[in-house]
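Have a look at the structure below before the remarks.
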Amino acid sequence: MYYYPEQPPYVLLVVGLFAALASGAALAGTLKSIVQKWQNDGAESSGSRIASRNLSVPFLGITAGIGLFLCSGFEIFGFPPLLAYAVGVPVAILTCLLIWFQLGSMLAFVERQGIQALDLDS
């Protein structure tokens, strides 16, 4: 006995992917402007609270888009809707929380050590 949805949520899959990509572009632009400001003014003089407040809205958009994308994908692959949301939402939230903490620690590191400490090429 297999479960096949009558109307797979292809539209929600595309909407979730678009929301995550659009929010990711907004997050990238915000990060670039924050780093540019830090390079000009110095990371030590500007507060990290302002940076995290500016980054939270696009990051919540990414989280919502990824959650919708995962849940819709699970439904397309045959999960019942309740099980798809029970699996997709915690996975999306946990993944985004881990990335948020990593991003916060990197911003705190740059604030303490300066932007030159992030020499990723060496």
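What's counted below: heavy atoms across the whole structure, side chains too, no hydrogens, waters or symmetry copies.
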Roughly how far apart are L98 CG and I93 CD1, rounded to 0.5 Å?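 Atom-to-atom, L98:CG and I93:CD1 are 12.0 Å apart.
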Nearest 0.5 angstrom please: Q102 CD to L97 CG, how far?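 With rounding to 0.5 Å, CD (Q102) is 13.5 Å from CG (L97).
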Contact between L107 and L55 at the side-chain level, heavy atoms closer than 4.5 Å - yes or no?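 Yes; the side chains approach each other to less than 4.5 Å.
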Do you know the tightest heavy-atom contact between [X] and [Y]?
X: I62; Y: A20; value: CG1-O, 3.8 Å
X: G65; Y: A19; value: CA-CB, 4.1 Å
X: A84; Y: F79; value: CB-CB, 4.0 Å

Sort out for me which residue in V14, L12, L13 forms a side chain to side chain contact (heavy atoms under 4.5 Å, CB included) with F69.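 So, applying the side chain to side chain contact (heavy atoms under 4.5 Å, CB included) to F69 and each of V14, L12, L13, only L13 qualifies.
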Only one of S23, C71, C96 clears side chain to side chain contact (heavy atoms under 4.5 Å, CB included) with I66; which?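 The residue from S23, C71, C96 that satisfies side chain to side chain contact (heavy atoms under 4.5 Å, CB included) with I66 turns out to be C96.
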Treating Ile, Leu, Val, Met, Phe, Trp and Tyr as nodes and any side-chain heavy-atom pair under 4.5 angstrom as an edge, say whether [X] and [Y] lie in one connected cluster.
X: I99; Y: I34; answer: yes
X: F101; Y: F59; answer: yes
X: L68; Y: V11; answer: yes
X: L70; Y: L60; answer: no
X: L94; Y: L103; answer: no

Give a yes or no on whether the backbone of T30 and the side-chain of S33 come within a donor-acceptor separation of less than 3.5 Å.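 Yes, S33 side chain to T30 backbone: donor-acceptor pair under 3.5 Å.
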